[in-house]
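Have a look at the structure below before the remarks.
Source: prediction; values computed, not measured. Every heavy atom of this structure was used, including side-chain atoms; hydrogens, water molecules and symmetry mates were not. Order of the sequence lines sets the chain letters (A, B, ...), proteins ahead of strands, with each chain counted from 1.
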2 protein chains.
Amino acid sequence: MEYKLDEIDLKILRMMQDNARINNAELARELGMAPSAVLERVKKLEQKEVLLAYYAKINPIALNQKMLSFIFIKVDEIIGDERTGRLLAEIPEVLEVHDIAGDDGYLIKVRTQDSLALVHLMRNSLSKIDGVISTRTIIVLQTVKEDNKIIVPVSLD
Amino acid sequence: MEYKLDEIDLKILRMMQDNARINNAELARELGMAPSAVLERVKKLEQKEVLLAYYAKINPIALNQKMLSFIFIKVDEIIGDERTGRLLAEIPEVLEVHDIAGDDGYLIKVRTQDSLALVHLMRNSLSKIDGVISTRTIIVLQTVKEDNKIIVPVSLD
DNA sequence: GGTGAAAGGGAGTAGAA
DNA sequence: TTCTACTCCCTTTCACC
């Protein structure tokens, strides 16, 4: 999984992160390279799992997903058992599942239509998962930023 | 911002969310339509802000961003003042900023190289923001899921 | 690693239904 | 909104450096 990235790779990553649908010819122009060389690099970045996926960000409102919440889930399981996390990840409304330090738990990010759908999810999905002891829900009123773009340095030295 | 989506639009959204780099001809083949008609629809979905952006998901480990955390930020500000949220959003390590219900605060998602960089960020960026009263940090040990794909229904009725 | 040529296919526009 | 037809440009491969 270790893979040496040079400045050109980092530029590619930066452009791809900003607009995954940029075409190869445009990338090549920005880099001052032949399209074939750039294509090679992109393929290698995918193959080496540096570029993991290309997502379209859909406006949740357009699909009636008006409610966003984070839920802390306390779990009764031996450390190292990852079953609960996998079960949580299978719920379609659950966008993120993080194993967190502290009191044996998970933090999940959930998008639902409304508060009713959230309650329904908690009653019918979450609480049915073996090992879930308790939950604490954080309601999001408004999202200011949600692009998940990580920092791409100028060089890695 | 209201825009009627039909089943074809929803299929496009589903395919785009799964792979933003799918090409228009492939979309058209899957839909059994002419490429020009599909292109029209995609353009309209972008224009109507249903499709908001196309992101490449980069492996954070490849860029030495080994640490993920969530931080609750308690803020002393009148309700409706959004300055603090905007300032938080400007910090490059901050991937998400959510205005949360309850005790006048924000929940932010932060990716840094390591715990030192996190402490540095908290000392030099967070605590320098006007109105920040206190913070509570949640350390992520392991991320099980992080695709942020929302549910695209079969129809919207 | 990189370039450049060549073939084949896709992107995008126009006009008609 | 869709299709067909058309042009132009891009993608992709391959030989070579």
Contact under 4.0 Å: K43(B) side-chain N or O vs dA11(C) OP1/OP2: no
Could you please name the option among [options] that lies closest to any side-chain atom of [X]?
| X | options | result |
| --- | --- | --- |
| R41(A) | dT3(C), dG1(C), dG12(C) | dG1(C) |
| A25(B) | dA11(C), dT3(C), dG2(C) | dA11(C) |
| K44(B) | dT1(D), dA11(C), dC3(D) | dT1(D) |
| N24(B) | dT13(D), dG1(C), dA11(C) | dA11(C) |
| A37(A) | dA11(C), dC10(D), dG2(C) | dG2(C) |

Min side-chain heavy-atom separation H98(A)-Y106(A) under 4.5 Å: no
Over 12 foreign heavy atoms within 6.0 Å of NZ, K149(B): yes
Enclosure of Q142(B) CD (heavy-atom neighbours >12, cutoff 6.0 Å): yes
5' priority, DNA chain C, between E26(B) and M33(A) [closest heavy atom]: M33(A)
R21(B) CZ - dA11(C) C1' separation (whole Å): 14 Å
Nearest heavy atoms of K145(A) and I91(B), plus distance in Å: NZ-O, 3.7 Å
Base dG2(C) paired with S36(A) side chain (donor-acceptor, <3.5 Å): no
